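The structure under discussion appears below in the form of structure tokens.
A quick note: this is a predicted structure, and the numbers were derived from the prediction, not measured. Throughout, protein chains are lettered first and strands after them, A, B, ... in sequence-line order, and every chain is numbered starting at 1.
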Amino acid sequence: MRCRRACSDTCPTFDQGFMRLSRFFLPVLRETPKEAEIVSHQLMLRAGMIRQSSAGIYSWLPLGFRVLKKIEQIVREEQDRAGAIELLMPTLQQADLWRESGRYDAYGPEMLRFKDRHEREMLYGPTNEELITQIFRDSIKSYRDLPRNLYHIQWKFRDEVRPRFGVMRGREFLMKDAYSFDLTAEAARHSYNKMFVAYLRTFARMGLKSIPMAAETGPIGGDLSHEFIILAETGESQVYCHADLVETRAPPADVDFDGDLAPLIGQWTGRYAATDEKHDQARFEAEVPADKRVSARGIEVGHIFFFGSKYSEPMGCRVQGPDGSMIAVQMGSYGVGVSRLAGAIIEASHDASGLVWPVPVAPYEVGLINLKAADKDTDKACADIYAKLERAGVSVLYDDTDERAGAKFATMDLIGLPFQLIVGPKGLKSGEIEVKERKSGERMNLAPDAAVKRLVELVSARRVLA
RNA sequence: CUGGGUGUAGCUCAGCAGGGUCAGAGUGCCGCGCUUGGAACGCGGAGGCCGCAAGUUCGAAUCUUGCCACCCAGACCA
């Protein structure tokens, strides 16, 4: 989110990430609104991240919006790393396009349909296979322009019969969807593998343990469909896997996406992993030693699959091959539930006091607490620390309000910033301020400058995937 | 969509069975005082078309009917 270069505020991507709580918009709730059932929903409401607009439709308040943007950016960076190319398609689409693929009738009432003023039939896109296929076929005519992978991050709408779990199953949701185009099924497998690897890195960067699990393959069959499940105690579905998978590390940043990814993929697909629907207890017991059997709760955050010419054939998306023949392209699509991830991360990372953000997705990296606002010494110390952190490129939410200490602690714990810097008159007298890590609760007292230095080290170390 | 439930202050809720000082509490918000390291305390105050609409009645948050919204269980799902 923050520009990595030492650029000024004239840089359009610059987001300074500094805020005084006295000027922020953070409507926290002390009590849990009754409509929220699961913990992520409750905490998102309480921490002032979201507000429900209507069933399954939410506004993202500043704190939540920052998290959403961070998640989005990680997804983007890993898509780019894997060679996918970003574009942006509209939310509204024409019914006629969907008639080409036959899905206008096949898609149920989940698809929101309506007419514009000219009585043209429109729909709010639940997904974009048709549109991307149209875009691609209208422009690409040669096999020499393959392979390509195009993605966008856009709001979708599925009129779920029953939205629930807050942003985890909303009707309107932000999704990254990528679409690959290849000449042959074999080449498409490689495109698929790239996304597979990108997903492992994407979720790992957000501090999540994600496990790919074989999923229904649809009309094509084969083994090219996986759901990426993250483990969380409060997960919505039951999952089973080999314990080693949980410990397997995500691929490094310098993985060669043009090389043979099969061995890497094999590390993940070689061991048993299945969701409820595909679980085979007998096979599980036969393939996994008793002490390695993991039975846990999980949340689906990504889904990748290959569908060959399902859309390219009926929609006439063909390219001319080396021999001059017209060949329908082989496609795959790859989704990540961006807004859902905000909820999923919380399900995987919270405690009795509130949210516990992993640094890479934290709305701010540090919460600076002035225990006695309007006190000359604490104000000065805080202003100094605030400026130093800013210079060091650490994002800070500075609680400069005149609340009581207890209330400040409670609020800061609730919103879950990874680190807290606590500055009070007592500590300052002995030349110390307190650094607290939200997750472990560990505290240390350091001189202000040492605290800033330590904090910068801690934050930097946790920003990147180890 | 089927079944169940809930709509009263920003949030959490009481009050409805037997209509009539019932417009209430806690919390949050505003002001003052006293406080100041884990959601202090005291006093004062603002805030509600009791989901909406019809109806019954002298009188309805309370009873009747209809509608709407939201929540939960199921089927469905990034």
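For the 3.5 Å distance criterion, the side chains of A:Q330 and A:S309 fail to qualify, holding no donor opposite an acceptor. Donor-acceptor pairing under 3.5 Å is lacking for the side chains of A:E403 and A:T401. Side-chain contact, A:E130 with A:S101: a donor N or O sits under 3.5 Å from an acceptor N or O. Between the side chains of A:Q238 and A:S295, at least one donor-acceptor pair of N or O atoms lies under 3.5 Å. For the residue pair A:S237 and A:D276, no side-chain donor N or O sits within less than 3.5 Å of a side-chain acceptor on the partner. Between the side chains of A:N370 and A:Y386, no donor N or O sits under 3.5 Å from an acceptor N or O.
Ring centroids of A:F173 and A:W155 are separated by 6.0 Å or more, keeping the two rings apart. Ring to ring, A:F228 and A:F196 are close: their centroids are under 6.0 angstrom apart. You'll find the ring centres of A:H190 and A:Y192 outside the 6.0 Å limit. Between A:Y240 and A:H279, the distance separating the two ring centers is shorter than 6.0 angstrom.
Scanning both residues, A:L26 and A:A47, for their nearest heavy atoms gives CD1-O, 3.4 Å.
Rounded to a whole Å, the CD1 atom of A:I229 is 10 Å from the P atom of B:A78. Here B:A78 presents its P atom at 16 Å from CG of A:D159, a figure rounded to the nearest Å. For the pair A:N128 CG and B:A78 P, the computed distance is 15 Å after rounding to whole Å. When rounded to the nearest whole Å, the span between CZ of A:F165 and C1' of B:A73 equals 11 Å. Residue A:L414 contributes atom CG, which lies 13 Å from atom C1' of B:C11 at whole-angstrom precision. Protein atom CD of A:E35 is 14 Å distant from nucleotide atom P of B:G10, rounded to whole Å. When rounded to the nearest whole Å, the span between CD1 of A:I38 and P of B:C71 equals 13 Å. Between A:D399 atom CG and B:G37 atom P there is a gap of 15 Å when expressed in whole angstrom units.
A heavy atom lying under 4.0 Å from RNA chain B marks the following residues of residues 46-57 of chain A, by number: A:R46, A:Q52, A:S54, A:A55. Near RNA chain B, defined here as any heavy-atom distance below 4.0 Å, the residues from residues 371-385 of chain A are A:L371, listed numerically.
Contact annotation for A:A410: base contact, defined as any heavy-atom pair under 4.0 Å involving a base atom. Using a 4.0 Å heavy-atom criterion, one finds that A:K156 contacts no nucleic acid atom at all. Here A:G424 lies in heavy-atom contact (under 4.0 Å) with a base. Nucleic acid contact class of A:T32 (heavy atoms, under 4.0 Å, all strands): sugar-phosphate only. Across all strands shown, A:G427 has heavy atoms under 4.0 Å from base atoms, whether or not it also approaches the sugar-phosphate. Within 4.0 Å of A:E110, counting heavy atoms only, lie sugar-phosphate atoms of the nucleic acid but no base atom.
The aromatic rings of A:F157 and A:Y124 are tilted relative to each other, their planes meeting at an angle between 30° and 60°. Between A:Y272 and A:F284, the two ring planes are tilted [angle within 30° to 60°].
Taking atom P in both B:C32 and B:A25, one finds a spacing of 23 Å when rounded to whole Å. One P atom belongs to B:U56, the other to B:A73, and the distance between them is 41 Å to the nearest Å. Look at the P atom in both B:G45 and B:U8: the space between them is 26 Å, to the nearest Å. Of the P atoms belonging to B:C11 and B:C49, the separation is 13 Å, rounded to the nearest Å. To the nearest whole angstrom, the two C1' atoms, one in B:G47 and one in B:A53, are 26 Å apart. The C1' atoms of B:C76 and B:U2 are separated by 14 Å, rounded to the nearest whole Å. Rounded to whole Å, the separation between the P atoms of B:U27 and B:A23 comes to 23 Å. Between B:G44 and B:G4, the two C1' atoms lie 46 Å apart (nearest whole Å).
Nearest nucleotide to the A:K436 side chain, out of B:G38, B:C76, B:U12: B:G38. If you check B:C1, B:U12, B:A39 against the side chain of A:V161, the one that comes closest is B:C1. Distance from the side chain of A:R164 is smallest for B:A73 among the nucleotides B:A73, B:A78, B:A39.
A 4.5 Å side-chain heavy-atom check between A:S349 and A:L355 finds every atom pair outside the cut-off.
Between A:K408 and A:V338, the residue anchored closer to the 5' end of RNA chain B is A:K408, taking for each the nucleotide with the nearest heavy atom. Residue whose closest nucleotide on RNA chain B sits further toward the 5' end, between A:L29 and A:I422: A:L29.
Residues that satisfy the ring pair (Phe, Tyr, Trp, His ring centres under 6.0 Å) test with A:Y364, not counting sequence neighbours, are A:F24. Applying the ring pair (Phe, Tyr, Trp, His ring centres under 6.0 Å) rule to A:Y58 yields the partners A:H41; only residues at least two apart in sequence or on another chain are considered.
Within 3.5 Å, a donor on the side chain of A:R162 pairs with an acceptor on the base of B:A73, or the reverse. With hydrogens and angles ignored, a donor-acceptor pair under 3.5 angstrom links the side chain of A:R404 to the base of B:A40. Judged by distance alone with a 3.5 Å cut-off, a donor-acceptor contact links the side chain of A:E31 to the base of B:G26. Residue side chain A:R443 reaches the base of B:G38 through a donor-acceptor N/O pair under 3.5 Å, judged by distance alone.
Under the Watson-Crick or G-U wobble criterion, with both distances below 3.5 Å, B:G42 is paired with B:C32. In this structure, B:A69 forms a base pair with B:U6, meeting either the Watson-Crick or the G-U wobble geometry with both donor-acceptor distances under 3.5 Å. B:G19 is unpaired under the criterion used here, namely a Watson-Crick or G-U wobble arrangement in which both key atom distances are under 3.5 Å. For B:U57, there is no paired base (Watson-Crick or G-U wobble, both distances below 3.5 Å). Base-pair partner of B:C1: B:G74 (Watson-Crick or G-U wobble, both distances under 3.5 Å).
Stacking here means ring centres nearer than 5.5 Å and ring planes tilted less than 30 degrees, and by that measure A:F173 stacks onto B:A78.
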Enumerate all atom pairs, one protein N or O and one N or O from nucleotides 28-34 of chain B, separated by less than 3.5 Å.
residue: B:G28; atom: OP1; partner: A:R30; partner atom: NH1; Å: 2.7

Atom pairs, protein N/O to nucleotides 51-53 of chain B N/O, distance under 3.5 Å:
none

>> Please determine whether salt bridge (Lys or Arg N to Asp or Glu O under 4.0 Å) holds for the pair A:E121 and A:R113, giving the CA-CA distance in whole Å, both sets of side-chain angles, and the decisive distance to 0.1 Å.
In response: CA-CA 7 Å; A:E121 293 175 281; A:R113 304 154 204 251; over 6 Å; no
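For the side chain to side chain donor-acceptor pair (under 3.5 Å) with A:D177, the qualifying choice from A:K156, A:H303, A:Q154 is A:K156, the only one to do so.
Note on A:K426: a side-chain N or O is less than 4.0 Å away from OP1 or OP2 of B:G37.
Base orientation of B:A40: anti (glycosidic angle beyond 90° from 0).
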